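Take a look at the structure set out below.
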Amino acid sequence: MAHDDFLYTRQENPRPQFVYDLRASLQEEEMRLRRPPRLSWRIARVAAAFILASTLILAVSPETRAFVLQALGLDQWISINEDMAQEIIPFAVPELIPDGFVRSVEWGDALENGDMIVGPVGERIMGFVRWEHSKTNCTILMSIFEDPTTAEVRHQAMARNRDLAQRYNWIEVFTFGDAEAVWRLQSMPGSESDMMVIEWTTANQIRHHIESSTACIDKDTLIRMAQSAQ
Amino acid sequence: MKQHEPDWDAVFNEFLGPVYNYFLYRVNDVHLAEDLTSTTFVRAWRSRAEYDPGRAPIRTWLFVIAHHVAVDHYRRHRPSSISIDMLADLPDPQPAPESLLQIEFDKKQLGAAIATLPEREQEVIALKYGAEMRNQDIARLLGLSPTNVSSILHRTVQHLRRLMMQRKEIEKHGSR
């Protein structure tokens, strides 16, 4: 027995509850640090729009758009409540929201007096619903817009997406029901998390688009969320 | 994940115990040791992008953070400490050599004895016997020479043995 062995006897194993709690708090820290930057989201959104560009045609005639904008004063982004937004763009809202996410309105200069944002994008009127996770700062964004494309055109776009998925590893495609989805769209080369998108068009020709990060929710959760709106 | 980036899950599993025991030896209080351990790992996790494996092993990097956490703690809660030379003036009972191998020291008494040490000696004992660091790593961490660390350890261990023997003698005589 060495002369200093007695000095090791003060050692103890950390309490299991302490170890569990510390590990959990570090995992929360991990989620916070892995939040995808907004810039990569914009880049991915542009890429997603490019992929699905063949399905998007200008929604309304310039005359109709001008009438709507003038009647509603919708020539800029505004924050309005969901009921009012439904008068402009009748859309379906997911009923199943992943745990921890709550509605949030955060949009530049838009007046914050509602729970979603509506405004003009080119010749189209679009609405945005946003959910934010208070602990992880993750975001789920749903955008909705008029989509007059025919089922045939959308089918052709889906075929193109599948072709891209077979040839490139930065995109994966899947279907659920009648909807198509881009599962993983690489945000930026070397990014630790990717963007995922799910889209469908309702019978009244309103296109629904939900996007988030693979670091924030998984594929099954995204599907369940989308299915709860159908 | 960056090239050569540590497996942070493995880092947590491997070093939680040593970091915790380092603080346990330093502060002799379970809950405070847990708080300081948590602070260390949270700081480490937030700054792990800055870790460069080419500059120092992960153990050294982590214990630099732990050392700073301890320094910050004692800056706010400065304990009273006395010179080890004053402690050396206490009477030495000089027990028989063979009994030193047989005596079991009470963990709490040992913690209380360590708590009486001056801050530098506490730090060296905590790193050596709590975190089980090598003398050369302790020297690098504290900016001392390895010889200096060995000397501090030798004197401090001898003092703690005397202190623990005294307490055992007091208990033995007190129980009669």
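Everything numeric in this text was worked out from a predicted model, so none of it was measured. Each chain gets a letter, A, B and so on, in the order its sequence line appears, and its residues count up from 1.
Contacts from residues 26-36 of chain B to chain A, taken as heavy-atom pairs separated by less than 4.5 Å, involve B/N28, B/V30, B/E34 in sequence order. Interface residues of residues 95-103 of chain A toward chain B, defined by a heavy-atom distance below 4.5 Å: none. At a heavy-atom cut-off of under 4.5 Å, chain A is reached by B/F12, B/N13, B/L16, B/G17, B/Y20 from residues 12-20 of chain B, listed in order of number.
Taking 4.5 Å as the limit, every side-chain heavy atom of A/S25 sits out of range of all side-chain heavy atoms of B/F41.
Nearest heavy atom pair, residue A/F6 against residue B/M164, reads CE1-CG, 4.1 Å.
With hydrogens and angles disregarded, a donor-acceptor distance shorter than 3.5 Å links the side chain of A/Q11 to the backbone of B/Y129.
Note on B/R161 versus A/D4: no salt bridge recorded, every NZ/NE/NH1/NH2 to OD/OE distance being 4.0 Å or above.
Of the two parts of B/E132, only the side chain, counted from C-beta on, holds a non-hydrogen atom closer than 4.5 Å to a non-hydrogen atom of chain A.
B/Y25 is linked by a ring pair (Phe, Tyr, Trp, His ring centres under 6.0 Å) to nothing, counting only residues two or more places apart in sequence or in another chain.
The candidate with the highest count of non-hydrogen atom pairs below 4.5 Å against chain A, out of B/V42, B/V157, B/N21, is B/N21.
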